[in-house]
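What follows is a set of notes on a single structure, which appears directly below.
Keep in mind that the numbers below use all heavy atoms, side chains included, and drop hydrogens, waters and symmetry copies. So you know, we letter chains A, B, ... as the sequences are listed, proteins then strands, and number each from 1.
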Protein chains: 2
Amino acid sequence: MADRPYHHGNLRAVLLDAAERTLREQGLDRLSLRELARQAGVSHAAPRRHFADRRALLDALADTGFARLGDRMRAAIEGAGPDVDAQLHAAATAYVRFAIDDGPLLDLMFANKNADEAAAPSEGALRLFTAVGDLIVRGQQAGALPPGDPERLRLLLVATLQGIATLVTSGRAPAEQTGALVEDAVALFTRRS
Amino acid sequence: MADRPYHHGNLRAVLLDAAERTLREQGLDRLSLRELARQAGVSHAAPRRHFADRRALLDALADTGFARLGDRMRAAIEGAGPDVDAQLHAAATAYVRFAIDDGPLLDLMFANKNADEAAAPSEGALRLFTAVGDLIVRGQQAGALPPGDPERLRLLLVATLQGIATLVTSGRAPAEQTGALVEDAVALFTRRS
DNA sequence: ACCTGAACACCGTTCAAGT
DNA sequence: ACCTGAACACCGTTCAAGT
């Protein structure tokens with residue numbers, strides 16, 4: 001609105017915010033650096049100072065997505081009371097709800113960008129995975145989850161949730177079956193279907 | 001190599017073939033209609049006669065992917081002998097192997113293009129889903145899979161396989177754990193982990 | 001019926017130059 | 001240290017015109 005100082009001062013955060021909104025509302029294809037620069041009121045070359053290229057911005061965006069999903073799952077678990085079954089269900093529901101709210105962002109988070117390189121996982125991804133890992137360990141201690149390598153069980157649980165998210169957001173599973181899918185998945189892991 | 005007649009005669013199939021190879025070798029970002037036209041030796045506007053736009057070509061490509069994945073899973077099941085556990089394991093392995101061979105294609109198949117519309121599922125997708133559905137029903141009849149709505153179990157199985165594929169191809173799960181993940185998933189469904 | 005060539009409106013990326 | 005403006009090499013899409 002009002003004209004800005006030459007040095008924006010906040011450009012990196014503004015770009016990420018605009019990118020997140022555009023991704024949610026228009027999808028990845030319509031997300032362009034030039035359009036983000038326009039929305040921020042800077043020249044099309046300005047983002048270069050903060051993100052080496054389009055991919056770097058998308059990577060940063062994916063990392064904020066991991067952090068937010070991890071926070072949401074942690075909050076859901078804490079709000080679910082002491083029962084591990086309920087915690088599992090709450091965490092799974094939070095995951096799938098995130099997918100419905102921010103499908104393209106979740107796609108971005110699991111886009112195969114670093115498959116060739118064993119690059120260090122991002123901070124946000126670590127936060128998500130440890131949130132699920134902690135839940136697994138507590139579930140095993142409480143006897144609500146089968147014993148075995150918690151790392152493997154954690155990967156399988158994340159895979160299941162991610163798969164449900166993909167099926168639902170892609171329309172390959174009917175939207176009204178979302179709840180049933182989550183229930184069935186939790187039942188499968190707690191072995192009381 | 002030699003110069004072609006004015007009417008290519010085979011352009012649609014040639015474009016799809018080139019697109020599939022480019023997708024596998026270079027990824028979705030590097031797949032452009034103009035480059036495909038160049039490879040086919042036609043003008044950049046020629047593809048328009050066969051695909052309304054880039055998305056239409058990608059949709060057709062996704063459909064061939066579904067058909068091929070369905071065929072591979074069917075073949076894996078048939079080659080696995082009469083034991084339903086072995087059939088499940090073979091089908092799951094075929095799915096994940098497809099993901100490793102053609103990750104970007106699998107991504108495309110589950111990209112959320114038609115999430116807003118209850119469009120008729122493609123022929124290829126139907127073939128894949130019925131292959132899995134048949135396996136589920138047989139498994140339930142043999143007592144190797146838990147009872148209940150086979151449709152729901154089918155969705156959950158596809159979700160689990162797709163989630164494992166996503167984790168592995170994105171590098172979020174270590175590649176050397178792929179086999180263990182598939183084993184654990186099958187064990188979870190057959191309830192003998 | 002199928003393809004070409006020019007045109008339009010966009011991109012990402014680079015780089016000298018400005019403040 | 002951060003941003004601008006011009007430039008380059010690409011896109012997808014459209015449309016009159018060719019065969």
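- With sequence neighbours left out, A/L126 forms a side-chain contact (heavy atoms from CB on, under 4.5 Å) with A/P121.
- For the pair B/S43 and C/dG5, the criterion of a side-chain N or O lying under 4.0 Å from OP1 or OP2 is not met.
- Partners of A/R38 by salt bridge (charged side-chain N to carboxylate O under 4.0 Å, His left out), not counting sequence neighbours, listed by chain and number: A/E35.
- Contacts classified as salt bridge (charged side-chain N to carboxylate O under 4.0 Å, His left out) and involving residues 126-147 of chain B (residues at least two apart or in different chains) are given here: B/D71-B/R127.
- Using a 4.5 Å heavy-atom threshold, the side chains of A/D59 and A/D63 count as separate.
- Two residues, A/E35 and B/N10, neighbour DNA chain C, and the one matched to the more 5' nucleotide by heavy-atom proximity is B/N10.
- Of the candidate nucleotides C/dT4, D/dC3, D/dG12, D/dC3 has the atom nearest to the side chain of A/H50.
- Pairs engaging residues 152-170 of chain A under the salt bridge (charged side-chain N to carboxylate O under 4.0 Å, His left out) rule: A/E151-A/R154, A/R152-B/D184 [sequence neighbours left out].
- Rounded to whole Å, atom C1' of D/dC11 lies 16 Å from atom CG of A/L31.
- Residue B/D53 contributes atom CG, which lies 8 Å from atom P of D/dT14 at whole-angstrom precision.
- Regarding A/R30, its CZ atom lies at a distance of 13 Å from the P atom of C/dG12, rounded to whole Å.
- Sorted by first and then second residue, the salt bridge (charged side-chain N to carboxylate O under 4.0 Å, His left out) pairs involving residues 13-25 of chain A (not counting sequence neighbours) are A/E20-A/R24, A/E20-A/R68, A/R24-A/D102.
- Remark: B/L106 CG to B/Y95 OH distance equals 5.0 Å, nearest 0.5 Å.
- Applying the 4.0 Å criterion to OP1 and OP2 of D/dT14, one finds that B/R48 has a side-chain N or O inside that range.
- Here the P atom of nucleotide D/dC11 and the CZ atom of B/F51 are 18 Å apart, to the nearest Å.
- B/L33 places its CG atom 15 Å from the C1' atom of C/dC3, with the value rounded to the nearest Å.
- Legend: residues meeting side-chain contact (heavy atoms from CB on, under 4.5 Å) with B/H50, ordered by chain and number and at least two apart, are B/L11, B/R12.
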Intra- and interstrand pairs of DNA chain D - dot-bracket, Watson-Crick/G-U under 3.5 Å, | marks other strand: ||.|||||...|||||.||

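- Crowding of A/Q26 atom CD: a count of heavy atoms from other residues, nucleotides or ligands under 6.0 Å exceeding 12.
- Residue A/L11 has its side chain nearest to D/dC3 when only D/dT14, C/dG12, D/dC3 are considered.
- Residue-to-nucleotide proximity on DNA chain D shows that, of B/R54 and B/R49, the 5′-proximal contact is made by B/R54.
- Nucleotide D/dT13 holds its C1' atom 15 Å from the CG atom of B/L57, rounded to whole Å.
- Note: CG (B/L15) to P (C/dC3) measures 9 Å, nearest angstrom.
- Across all strands, A/R38 comes closer than 4.0 Å only to sugar-phosphate atoms, never to a base (heavy-atom distances).
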Extract from the structure each pairing of a protein N or O with an N or O of nucleotides 6-9 of chain D at less than 3.5 Å, listing the distance.
| from | atom 1 | to | atom 2 | distance (Å) |
| --- | --- | --- | --- | --- |
| D/dA6 | N6 | A/H44 | NE2 | 2.7 |

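- Rounded to whole Å, atom C1' of D/dG12 lies 14 Å from atom CG of B/L28.
- For the salt bridge (charged side-chain N to carboxylate O under 4.0 Å, His left out) test, residues two or more places apart in sequence or in another chain that qualify with B/D101 are B/R72.
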